[in-house]
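Computed over heavy atoms, backbone and side chain alike; hydrogens, waters and symmetry mates excluded. Remember, it's 1-based here, ligands and their atoms both numbered in the order they're listed.
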Amino acid sequence: MRVLGLETSCDETGVALYDSEKGLLADALFSQIEQHRVYGGVVPELASRDHVKRMIPLIRQVLDEADCAPNEIDAICYTAGPGLVGALLVGASCAQALAFAWGIPAVGVHHMEGHLLAPMLEEQPPAFPFVALLVSGGHTQLVRVDGIGRYQLLGESLDDAAGEAFDKTAKMMGLPYPGGPEIARLAEHGTPGRFVFPRPMTDRPGLDFSFSGLKTFSLNTWQQCQATGDDTEQSRCDVALAFQQAVVDTLTIKCKRALKQTGLKSLVIAGGVSANQALRQSLEKMLGGMNGQVFYARPRFCTDNGAMIAYAGCQRLLAGQRDGPAISVRARWPM
Ligand code: KG4
Ligand code: ZN
């Protein structure tokens with residue numbers, strides 16, 4: 001089965017072609033980050049308009065790269081949510097229109113299921129069952145995964161997502177959007193131990209998270225630096241390191257707990273924050289100590305992309321899922 005995947009949930013237009021026998025044939029991405037950066041975050045209306053502009057050229061590019069004619073495509077999958085409604089509608093209407101024109105089915109895919117399954121595109125994919133840590137700009141969740149569509153939520157953030165906390169911490173220190181990679185870059189030059197931030201909700205049982213307090217802690221620490229005239233580049237690096245270390249430790253503690261609770265030894269990390277090297281190293285160390293293994297996607301497939309949607313949609317189609325021609329998307333959608 002050959003599937004075209006379209007991703008438009010936020011600020012990246014992603015298109016990919018996946019073949020259930022040959023694997024990923026081509027993928028292309030256009031990131032709108034530069035356009036949103038001047039506003040310090042994603043402007044939904046600008047995002048929708050840009051998806052409209054990029055979608056068809058990207059589809060052409062992918063089909064050319066894969067040397068694939070439209071009549072060789074068996075289905076189209078698109079992100080149906082969660083995400084920005086206007087942005088989602090661009091992918092959904094484009095997918096439904098092409099599916100109608102080409103006489104093939106279109107299937108709506110859950111964005112977080114796409115992230116969750118992205119490591120399956122790697123050479124050594126994880127085997128079911130496993131625990132997945134989904135860490136993106138909009139979600140922080142621990143999920144037990146027993147197979148495609150067999151997901152059990154173990155815990156989630158009660159307030160900000162981990163990526164959101166990275167972005168907000170970066171913004172209040174005057175760093176550009178998106179803040180995750182900026183914080184990670186500064187943290188490399190931070191002084192270990194200068195600031196120590198709390199590890200929220202790790203002192204009580206359970207697998208839920210809370211990151212909004214950490215963001216406030218960063219703000220207070222930075223304001224203290226400003227008040228004492230110590231708001232230097234080095235202080236920025238030191239706050240970045242303390243913040244990142246607190247997020248990484250908190251996620252690592254909860255992942256360890258989830259693995260213990262489920263008795264599983266495979267951990268998948270997915271979503272934009274899974275590109276963070278300090279997080280990967282910390283989880284690898286923890287898993288190494290318990291004879292387990294951690295899996296993640298290549299950096300380009302950690303953040304939003306079309307390949308994960310083509311892959312997840314293909315699995316859904318192979319399992320028999322078919323959607324009607326209605327163009328419907330959801331801003332919020334539990335997985
Ligand atoms: O999965 P994603 O591309 O979009 C959503 O579905 O939200 O994730 C974007 C998030 C942003 O918050 C961004 O700051 C964060 O992932 N991110 C990172 C890194 N790269 C991206 N956070 C920490 N370290 C990174 N290297
Ligand atoms: Zn995402």
Side-chain angles (χ1 to χ4, degrees), residues 5-14 16 29-33 36-37 40-42 44 47 51 78-84 87-88 91 109-119 132-141 156-157 160-173 175-188 190 211-212 214-215 218 240-241 243-252 268-283 296-309 311-312 330-333 335:
L6 312 181
E7 155 64 34
T8 64
S9 68
C10 189
D11 59 349
E12 348 254 9
T13 319
L29 185 87
F30 182 84
S31 172
Q32 309 171 354
I33 281 175
H36 298 291
R37 193 164 270 162
V42 178
H51 286 309
Y78 60 95
T79 306
L84 303 169
L88 289 166
V109 173
H110 194 292
H111 181 77
M112 295 314 291
E113 182 177 40
H115 275 305
L116 173 68
L117 298 177
L133 172 70
L134 300 176
V135 266
S136 71
H139 293 79
T140 299
Q141 296 182 324
E156 64 185 332
S157 178
D160 291 355
E164 189 180 358
F166 266 97
D167 294 339
K168 287 178 176 170
T169 294
K171 192 173 182 177
M172 65 86 187
M173 287 200 292
L175 300 169
Y177 173 85
E182 296 293 325
I183 296 272
R185 191 174 54 78
L186 292 189
E188 280 176 33
F211 289 111
S212 73
L214 217 43
K215 170 197 69 192
S218 306
L241 177 63
F243 168 80
Q244 177 175 275
Q245 204 52 52
V247 174
V248 166
D249 279 358
T250 304
L251 292 172
T252 305
V268 161
I269 51 169
V273 184
S274 70
N276 187 280
Q277 290 300 324
L279 177 63
R280 289 181 174 201
Q281 280 163 14
S282 169
L283 291 173
Y296 34 71
R298 68 198 87 167
R300 164 163 126 258
F301 293 163
C302 286
T303 44
D304 294 349
N305 65 86
M308 66 183 197
I309 301 304
Y311 178 83
R330 299 189 222 183
R332 289 171 179 276
W333 183 9
M335 193 163 69

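When atom types are taken as modelled, the side chain of Ser282 and the backbone of Ala278 share no donor-acceptor pair closer than 3.5 angstrom. Within the 3.5 Å criterion, the main-chain N or O of Pro44 finds no donor-acceptor partner in the side chain of His36. Remark: side-chain polar atoms of Ser274 are paired, donor with acceptor, to backbone N or O of Gly271 under 3.5 angstrom.
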* Asked: Can you check side chain to side chain donor-acceptor pair (under 3.5 Å) on Ser9 and Thr79, steps first, answer last?
  -> CA-CA 6 Å; Ser9 68; Thr79 306; 5.5 Å; no
* To do: Could you give me the CA-CA distance, side-chain angles and deciding distance for Asp167 and Tyr177, then say whether side chain to side chain contact (heavy atoms under 4.5 Å, CB included) is met?
  => CA-CA 7 Å; Asp167 294 339; Tyr177 173 85; 4.1 Å; yes
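Near Thr303, meaning under 4.0 Å from one of its heavy atoms, ligand 1 places the atoms 3 (O). Under a 4.0 Å criterion applied to the non-hydrogen atoms of Gly138, ligand 1 contributes the atoms 7 (O). Listed by number with element, the atoms of ligand 1 under 4.0 Å from a non-hydrogen atom of His111 are 6 (O).
Taking every heavy atom of both residues into account, Ala184 and Gln244 meet most closely at CA-OE1, 3.3 Å.
When hydrogens are left out, the protein atom nearest atom 20 (N) of ligand 1 is Gly272 O, 3.4 Å; that is the closest non-hydrogen contact. At the top of the distance list for atom 7 (O) of ligand 1, counting protein heavy atoms only, stands Gly137 N, 2.7 Å. Residue, atom and distance of the protein heavy atom nearest to atom 13 (C) of ligand 1 are Asp167 OD1, 3.7 Å. Considering only non-hydrogen protein atoms, atom 22 (N) of ligand 1 sits nearest to Gly180 CA, 3.3 Å.
Every residue two or more places apart in sequence or in another chain was checked for a side chain to side chain donor-acceptor pair (under 3.5 Å) with Arg280, and none qualifies.
Where the criterion is an N or O separation shorter than 3.5 Å, residue side chain and backbone included, Asp304 meets it with respect to ligand 1. Distances between N or O atoms of Asn276 and those of ligand 1 include at least one value under 3.5 Å. At least one N/O-N/O distance between Gly163 and ligand 1 falls below 3.5 Å.
Residue contact check for ligand 1: Pro181 places a non-hydrogen atom closer than 4.0 Å to it.
Atom-to-atom distance recorded for Ser31:OG and Asn305:CG is 12.0 Å, nearest 0.5 angstrom. A distance of 13.5 Å separates CZ of Phe301 from CG of Leu117, quoted to the nearest 0.5 Å.
Aromatic ring orientation, His110 versus Trp333: tilted (interplanar angle from 30° to 60°).
Side-chain contact between Leu29 and Arg300 is absent, with no heavy atoms from C-beta onward closer than 4.5 Å.
Separation of the Phe243 and Phe166 ring centroids falls under the 6.0 Å cut-off.
Excluding waters, the protein N/O/S atoms found under 2.8 Å from the Zn ion (ligand 2) are His111 NE2, His115 NE2, Asp304 OD1.
Contact annotation: for His139 versus ligand 1, there are no heavy atoms closer than 4.0 Å.
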